[in-house]
Amino acid sequence: MNERISPPAAAIQGSHCTPEQYEALYRQSVEQPDAFWAEQAKRLDWFKAPTEIANWSFDPVDIRWYEDGVLNLCHNCVDRHLPERGDQVALLWEGDEPGVTRSLTYRQLHAEVVRMANVLKTQGVKKGDRVTLYLPMILEAAVAMLACARIGAVHSVVFGGFSPEALRGRIEDCRSRIVVTADGGMRGGKVVPLKANVDAALDGGPEVDAVLVIRHCRNDVAMMEGRDRWYDEVAADASDDCPCEPMNAEDPLFILYTSGSTGKPKGVLHTTGGYAVWTALTFHYVFDYRPGEMFWCTADVGWVTGHSYVVYGPLANGATSLMFEGVPNYPDCSRFWDMVERHKVNIFYTAPTAIRALAREGEAPVKKHDRSSIRILGTVGEPINPQAWLWYWRVVGDERCPIVDTWWQTETGGIMITTLPGAHDMKPGSAGKPFFGIVPELLDAEGKARGGAAEGNLCMATSWPGQMRTVYGDHERFVQTYFSAYRGHYFSGDGCRRDDDGYYWITGRVDDVINVSGHRMGTAEVESALVSHKLVAESAVVGYPHDIKGQGIYCYVTLIAGEEPSDALETELRQHVRKEIGPIATPDLIHFTPALPKTRSGKIMRRILRKIAENEYGSLGDTSTLADPGLVDSLIEGRRNR
Ligand code: WTA
């Protein structure tokens, strides 16, 4: 499908970027990057303006932006707005129950951030220290991130849906001595026992100095003497003065763990100056944000989308950002549109999986709410199929609202490929064009760039300010993961096609990462969770097409000798993976098999397993190198039976 839809004139009147402006700015951004990025840095307040702009190399790998600049991102997101918009709402929050709201003006946000920053200081947190945040989607999550940024501490936000095991690994990896959590979080009417999870994560595990607990659900929790403190009690004595720490542009801002094709999740490290410029700039152009508008990104702050487009991007622009604790189908599946109506949301940014799930419920839940406030719609996290795109366009947006399909990654810090509302026609299913400063390339297996209309592995020829700088504690892994497939190029892990008009169509991951409901998952992580069960001998996990989730988790499992598969064991293995990683990693299908297909040298043939899981038996390719070619037939047989 190659349908072209022009943005409706009314929605983009006065937009920040016309087609001509895009062409001119894009050209400047790639032809004179230093001049372009020096100019863009002026979007921020610097304690010392940078004179060094771009200083990077992909071979050897060393990436620096604005390296002699000094700034503080919290100052840019909060303090600098006080004179002009101190009484404007910075963050509006709605809880799990409809209509339960709280808000913070920029002035109130300032007071809360200062308080939290001082509390962290009293707990001994200093510049450069890592602070783990394991919180629900409440205002305090944003406050805690900003408080860390204010004092130069490095936050590591762990999504509240991760299990104690997963949390423990992340606390250990960055050796954080302090955890900020809440008694619990609410999702769909149920309490998520966050504090109890922290207790389990720390039990016999990493030693920390303090656990600060925010009172939210008022569920029962155990408090460990000497380690655990109620945040409100410590905060009561906190001073209301805390200057912003001057940070070098290349000082670390945060670590965020993300899944890769091998091994444990990686601690993606972002630094201060480049990330700040990148998120501020992309937010301004991609969402065409106008002062006074209500911006709603439905992502959790536990993911990069929440970092960049719930907190830093919007606040750096002085926007009003809506935070939502609940889920799209509670109390019913009109929740999003009910909130759009009540809060007069102007820009709405969500994931394709949510769109597909809501589309399944039909038009009525959408149509019964007034959505006339919406001007721009956005999607992120996974490829959006044209059918879901068109539903979003027709039903949610009434064919009035441009849709931005934004491709980017935890590693990229912010949006990389997208249309801009006022500058481009849209093509359902295509992310669109490179953002300013982005030079995508499609490389073939030999590393040759394919020009014009072509397909290949999506790489970047040049750096951009929001690029991750390293894997925390393991720079070699950073180099290996992103710069070794194609020396001198950043490799995204995605496959992609470019059409005759220069539009990019992401075709999905080409590595062993799968994308389940917009959440990135390493198949190796699920495999290691499965084999940690005492009855499992071996496992291979692949993705397969799933109507709602985009991809589902398909697990091939072999049991230790003498054990027989059963429904009970299947349920137990599902539970086991949930416990090890978290509910988002729950296997969709478990396929017991006496053996896995291997080459004679013992390598699992994942390509074949993927095809079988996808129900594509006609294209299995060469199976002659298999140690036991007959196994394939029995695997197909097993697949057909589910
Ligand atoms: C996928 C989320 C197609 C892609 C911001 C990428 C997308 C991975 C899109 C990163 C999109 C993200 N179209 N695919 N618009 N956006 N992806 O790190 O495979 O959680 O590599 O960052 O999601 O996921 P991550």
Side-chain angles (χ1 to χ4, degrees), residues 157-159 161-162 254-261 265-270 275 278-279 282-283 286 297-313 349-356 377-386 388-389 392 403-419 426-435 438 440 457-460 466-468 471 481-482 485 490-498 503-523 525 543 549-551 584-585:
V157 182
V158 179
F159 174 56
F162 277 123
F254 68 82
I255 298 167
L256 185 58
Y257 287 86
T258 193
S259 297
S261 31
K266 298 181 284 281
V268 168
L269 184 96
H270 282 286
Y275 176 84
W278 189 245
T279 49
T282 50
F283 179 82
V286 177
C297 164
T298 66
D300 191 284
V301 291
W303 309 111
V304 75
T305 308
H307 283 57
S308 300
Y309 301 110
V310 174
V311 182
Y312 290 118
Y349 189 37
T350 196
T353 187
I355 297 169
R356 288 191 297 265
L377 294 168
T379 80
V380 58
E382 50 181 320
I384 180 163
N385 42 314
W389 194 103
Y392 202 31
I403 295 177
V404 288
D405 171 1
T406 62
W407 177 86
W408 58 294
Q409 311 179 287
T410 306
E411 293 87 340
T412 71
I415 294 162
M416 302 282 281
I417 298 179
T418 179
T419 52
M426 300 165 280
K427 297 188 185 190
S430 164
K433 299 278 223 172
F435 189 73
I438 295 306
N457 287 337
L458 178 60
C459 295
M460 298 296 152
Q467 184 168 26
M468 75 182 279
V471 170
T481 308
Y482 303 103
Y490 168 81
F491 173 41
S492 67
D494 280 348
C496 183
R497 181 166 70 77
R498 182 173 48 224
Y503 276 59
Y504 289 81
W505 301 71
I506 309 296
T507 53
R509 302 288 304 194
V510 296
D511 55 11
D512 290 324
V513 172
I514 54 179
N515 196 322
V516 183
S517 301
H519 300 320
R520 242 168 99 162
M521 195 106 43
T523 49
E525 282 170 74
K549 300 177 175 184
Q551 280 189 298
I584 54 170

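All figures in this text were calculated on a predicted structure; none of them were measured in a lab. When a ligand or atom number is given, it counts from 1 through the structure's own listing order.
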(request) May I ask you to test the W408-S308 pair for a side-chain heavy-atom distance under 4.5 Å? (result) yes
(message) Measuring only between side-chain heavy atoms, which start at C-beta, is T258 closer than 4.5 Å to P265?
(response) no
Using a strict cut-off of 4.0 Å, indicate which atoms of ligand 1 neighbour a heavy atom of [X].
X    : value
V380 : 5 (C)
T406 : 9 (C), 11 (C), 15 (N), 16 (N)
I506 : 3 (C), 14 (N)
D405 : 11 (C), 13 (N), 15 (N)
T305 : 5 (C)
N515 : 1 (C), 23 (O)

(request) Using a 4.0 Å heavy-atom threshold (strictly under), name the region of H519 that reaches ligand 1: side chain, backbone, both or neither. (result) neither
(request) Verify whether the ring centers belonging to F162 and Y257 lie closer than 6.0 Å. (result) no
Protein contact of [atom] - nearest heavy atom, named by residue and atom, plus distance:
atom                    : answer
atom 3 (C) of ligand 1  : P383 N, 3.1 Å
atom 4 (C) of ligand 1  : D494 OD2, 2.9 Å
atom 2 (C) of ligand 1  : W408 O, 4.0 Å
atom 18 (O) of ligand 1 : T410 OG1, 2.5 Å
atom 11 (C) of ligand 1 : E382 O, 3.5 Å
atom 24 (O) of ligand 1 : R520 CD, 3.2 Å
atom 23 (O) of ligand 1 : G381 O, 3.2 Å

(message) I want to know if ligand 1 touches T379 in the polar sense, i.e. an N/O pair below 3.5 angstrom.
(response) no
(request) Determine the sole option in T305, T298, T406, T379 for which the side-chain hydrogen bond (donor to acceptor under 3.5 Å, both in side chains) test with Y349 is passed. (result) T406
